[in-house]
Amino acid sequence: MSTPEPDLAPAFAALMDRHRSIRAYRSDPLPEGLADAVLVQALQGGSSSGNLNLVSVVKTQDTARRQALWALHGEQDMILQAPLVLTFCADSHRTRAWLAQRDARLGFADLVSWHTAAFDAMLLAQTAALAFESHGLGICYMGTTLFAMRGIADLLELPDNVLPVTSLVVGWPDEAPPQRDRLPATAWIHDERYARPTPGRIDADFAARELRGRQRYLASSPRMAALWQEHGIDSLAQYYTSPIKYDPDRFAAFSADIEALLAERGWRRSPGA
Ligand SMILES: Cc1cc2nc3c(=O)[nH]c(=O)nc-3n(C[C@H](O)[C@H](O)[C@H](O)COP(=O)(O)O)c2cc1C
């Protein structure tokens, strides 16, 4: 007779409810071996395209190397506080070496493989993030990985067909921020067909976000309020694509860098190959 599975749903709900990105850390180390154990568990317990495991993770704990990452990641101070930074990489280098060693046709050096490997890396990062949080640790993603791909790849000595996709800071929280909102289900869950949002739907779906955004950025930060005024920003939407947040011109330049890097580091198939 099989033993009934414990009901995992409440444990998962509690874990989801507890999530906050943590940006202030104590310097206390992680228990010996925990990072590797969590990563192994996360890869084993997550899905992986074709089960190819086109990922690598570089752990950075050394103070001087964390300082170098801090500079590359736009000087986000949490990197200097937390004991561990994990860089999740899309990696077909190892798989290609295996193919070559077994006289197999070489592959996985094209845009499809980049997507496959990059998504595998993101899936692993998120599974690992949940696992770290289940131990009471805090995490924060660093999207700056994309903007500093080349510098990070060089610092971590990544070979061809390996590029960083995202990074996690991991450590013991030194803050307890409130939970951040998400868009309501009406904004993004569709039945059978995509329902294009009407102007009224947009107003309703973004109302709470606009209110909380104003409170967060303006009411509690005189510096940010001054910046909004300086840049003529008077709504959260205007803030998001202003020069002080996700400037489309800067994004275009970063995008061009990424395209060039993908070609340079072997993620574009050369014609006739
Ligand atoms: C891919 C990705 C990149 C992110 N990059 C950064 C970052 O560079 N710095 C930062 O402070 N937070 C970063 N975050 C955290 C988000 O700002 C955060 O998840 C979001 O504001 C929601 O807050 P919460 O995670 O506390 O619920 C990133 C999150 C994701 C998923």
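Remember, it's 1-based here, ligands and their atoms both numbered in the order they're listed.
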With a 4.0 Å cut-off, would you call R209 and D181 a salt bridge? yes

Looking only at protein heavy atoms, which one is nearest to atom 28 (C) of ligand 1, and how far off is it? Y141 CB, 3.5 Å

Tell me the protein heavy atom at minimum distance from atom 3 (C) of ligand 1, and give that distance in Å. G143 N, 3.3 Å

Shortest protein heavy-atom distance from atom 17 (O) of ligand 1, along with the residue and atom involved: R23 NH2, 3.1 Å

The answer for which part of Q179 has a heavy atom under 4.0 Å from ligand 1 is neither

Salt-bridge test for D36 and K59: reply yes if a basic N is under 4.0 Å from a carboxylate O, no otherwise. yes

Looking at non-hydrogen atoms alone, which of M122, R216, R180 comes nearest to atom 1 (C) of ligand 1? M122

As a check for students: among R20, Q76, M142, H19, identify the option with a heavy atom nearest to atom 9 (N) of ligand 1. Q76

Which part of C140 is near ligand 1, with near meaning a heavy atom under 4.0 Å away: side chain, backbone, both or neither? side chain

Step through the shown structure and confirm whether more than 12 heavy atoms of other residues, nucleotides or ligands are within 6.0 Å of OH on Y240. yes

For atom 18 (C) of ligand 1, grab the closest protein heavy atom and report residue, atom and distance to one decimal in Å. S21 OG, 3.5 Å

So which heavy atom on R26 is nearest to which on P83, and how close? O-CD, 4.2 Å

Should the ring pair H190 and Y194 be called parallel, tilted or perpendicular, given that the plane angle runs from 0 to 90° and is split at 30 and 60? parallel

Between ligand 1 and H73, can you find any atom pair, the residue atom being a heavy atom, that is separated by under 4.0 Å? no

So F254 and F147, would you call those rings parallel, tilted or perpendicular, with 30° and 60° as cut-offs? parallel

At what distance is the nearest protein heavy atom to atom 22 (C) of ligand 1, and which residue and atom is it? R182 NH1, 3.4 Å

Is the distance between the ring centroids of W228 and Y239 less than 6.0 Å? yes

